[in-house]
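Below you'll find the structure, written out as structure tokens, and then a few comments.
Chain letters run A, B, ... following the sequence lines, proteins first and then strands; every chain starts at 1.
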Number of protein chains: 2
Amino acid sequence: MPPPPRKERADAQRNREAVLAAAEELFGAHGDPERVSMDDIAVAAGVGKGTLFRRFGDRLGLVKALVERRTEQLRADVVAGPPPLGPGAPADARALALLDALLTLKLDTRPLMLALESAGRGSPYDNDTYELWHAELTALLTEARGERDAAFLAHALLAAVRSDLIEHLTTHGTSPDHIRAGVTALTRATLRRP
Amino acid sequence: MPPPPRKERADAQRNREAVLAAAEELFGAHGDPERVSMDDIAVAAGVGKGTLFRRFGDRLGLVKALVERRTEQLRADVVAGPPPLGPGAPADARALALLDALLTLKLDTRPLMLALESAGRGSPYDNDTYELWHAELTALLTEARGERDAAFLAHALLAAVRSDLIEHLTTHGTSPDHIRAGVTALTRATLRRP
DNA sequence: CGACTATACGGACCGCTAGTCCGCTTTCGC
DNA sequence: GCGAAAGCGGACTAGCGGTCCGTATAGTCG
């Protein structure tokens, strides 16, 4: 067995935070995440491009790190928080709460989530966070309406809150409340026994 | 009024077809549409890059032209074909038929549809064809379950058959029949009155 | 049939991007 | 302090979408 990995060097840690902060800032400022280049981020963070890429591997890695940061709280709440989001509430109430929370998250961090969904190949689904939501929702749907089609329906519900759809709706005049009502209606319909 | 626009020159027409054929071929061959460059298409078509871009404007224009070609038949059937797809059948049957037909289309032309959804900015929704499906579905849902939330639910149903989701499912072992069953279940649930 | 013009052709060219590479600097255990 | 390991940074590369313009050709008209 090799000795335990040495801890991160101080300068490395500082730079990592600087990059994350700069990236969050830049993605937040520009509406279109594709217009934020890795160069821009490196410059804004006061760091060389080499540093940026060594730390995060590629563009997708950076975006994933940012998203993970932003979803940490929600992940914790879903797995072990208070009802209705956390365990303890009935399945249908939990599903409604989860979808609503996801919608809120997407509305609050539109450009970042858009960046995730449009970075790299097949990204929207190759993603630990997505896996978690999907597993959780599948379990809730199974409990509420039976196992049949539960996995697909969970995908479908998550597809209904995809960032680019939310983006499209909000930029075409649909109000957040309207979207919220729609998501709730869809979730209710999906939860009912066939 | 200016005189009617002169007709397309013969060489131009030949080249247009050559480009469309080459592009369809290349997108079909490669799994990942982003790995097919405009250069590749021009070379495969035996045509200069200038010709390619003059004709189609940009990458998105080319993909749109390709997709329009592929969806022509379905569009015609939905607007004026025989039931259950065309007018005449009850709204719920038409909605089920439409979703099923769309799923079949996506399964048959995966790489091409993937190319559409990942080409250019905000593309999946800025698209005449999408508008048509959405309008049609919204009308059917309104008829079946009332006006409330119909527009959003139509978006949600279409999101459930998005190419990248279909791609993800098929490459992770879900069979087409399984997906089909899921789409049907979702559509049925959505059609029911609240 | 030959000449003339609008139209189209093609590939060199440009600007920009993600990602690499390696000589130099910094950190930190001893 | 000191030396090796870890980290740094920015010049560099390859490849992309898209443009430009001198050249070639189709179609037309006398």
Side-chain angles (χ1 to χ4, degrees), chain A residues 2-23 26-27 30 32-66 114-123, chain B residues 2-23 26-27 30 32-66 114-123:
Chain A
R6 344 183 126 238
K7 67 187 261 238
E8 189 178 33
R9 243 172 67 169
D11 52 347
Q13 186 174 339
R14 246 180 308 143
N15 280 330
R16 206 194 47 221
E17 312 257 313
V19 167
L20 288 172
L26 283 183
F27 280 127
H30 286 65
D32 181 355
E34 311 226 15
R35 308 224 115 235
V36 177
S37 76
M38 297 300 271
D39 255 316
D40 294 341
I41 296 169
V43 169
V47 145
K49 259 177 90 168
T51 303
L52 182 50
F53 278 93
R54 192 165 356 82
R55 193 72 43 208
F56 298 100
D58 59 7
R59 191 187 172 84
L60 182 57
L62 171 60
V63 175
K64 274 185 176 168
L66 285 169
L114 223 45
L116 173 65
E117 295 185 4
S118 74
R121 272 303 331 117
S123 43
Chain B
R6 348 184 126 234
K7 68 186 260 241
E8 189 177 34
R9 241 171 68 170
D11 51 349
Q13 186 175 339
R14 247 179 307 136
N15 280 329
R16 206 195 46 225
E17 313 257 312
V19 167
L20 288 172
L26 284 183
F27 280 126
H30 287 64
D32 182 353
E34 311 225 15
R35 308 226 117 235
V36 177
S37 77
M38 297 299 272
D39 256 317
D40 294 341
I41 296 169
V43 169
V47 146
K49 256 175 95 170
T51 302
L52 183 50
F53 279 94
R54 192 165 356 83
R55 192 78 35 212
F56 298 100
D58 59 8
R59 185 175 232 272
L60 183 57
L62 171 60
V63 174
K64 274 185 177 168
L66 246 25
L114 222 46
L116 173 65
E117 294 184 6
S118 74
R121 277 297 333 115
S123 43

Report task. Take atom CZ of A:R35 and atom C1' of C:dG15, then tell me their distance rounded to the nearest Å. Result -> 12 Å
Report summary line: note: B:E34, atom CD; D:dG15, atom P; distance rounded to Å ~ 17 Å
Report summary line: Closest heavy-atom pair, A:N15 versus A:V47, reported as atoms and distance to 0.1 Å, is OD1-CG2, 3.2 Å
Query - Distance, nearest 0.5 Å, that separates CE of B:M38 from CZ of B:R59 - result: 6.5 Å
Query - B:D11 CG - D:dT23 C1' separation (whole Å) - result: 14 Å
Query raised in the report: Considering all heavy atoms of both residues, which atom of B:V63 and which atom of B:A115 are nearest to each other, and what is their separation?
Result: CG1-C, 3.9 Å
Report task. Identify whether any heavy atom of A:R14 sits under 4.0 Å from a base atom; if not, whether one sits that close to sugar-phosphate; answer base, sugar-phosphate or nothing. Result -> sugar-phosphate
Query raised in the report: Between D:dG7 atom C1' and A:L52 atom CG, what is the distance in whole Å?
Result: 14 Å
Report summary line: For B:S118 and B:P33 the tightest heavy-atom approach is OG-CG, 4.5 Å
Requested in this report: Would you mind reading off the distance between B:I41 atom CD1 and C:dG10 atom P, rounded to a whole angstrom?
Outcome: 16 Å
**Report entry** Any B:N15 side-chain N or O less than 4.0 Å from OP1/OP2 of C:dC9
**Finding:** yes
Query raised in the report: Does A:D39 or B:T51 map to a spot on DNA chain D nearer the 5' end, using the closest nucleotide for each?
Result: A:D39
Requested in this report: Using whole Å, report how far CZ of B:F53 lies from P of C:dC14.
Outcome: 17 Å
Query raised in the report: Given that B:M38 and B:R9 both sit by DNA chain D, which one's nearest nucleotide is further toward the 5' end?
Result: B:M38
**Report entry** Nearest-angstrom distance from the residue atom CG of A:D58 to P of C:dT17
**Finding:** 17 Å
Query raised in the report: Between the base of C:dA8 and the side chain of B:R54, is there a donor-acceptor distance below 3.5 Å?
Result: no
**Report entry** Side-chain donor/acceptor contact of A:K49 with base of D:dA11 under 3.5 Å
**Finding:** no
Report summary line: Separation between CG (B:L116) and CZ (B:F27), nearest 0.5 Å, reads 10.0 Å
Report summary line: To the nearest angstrom, the CZ-P distance between A:F56 and D:dC8 comes to 11 Å
Query raised in the report: Across the strands shown, which category fits A:R55 at heavy-atom distances under 4.0 angstrom: base, sugar-phosphate, nothing?
Result: sugar-phosphate
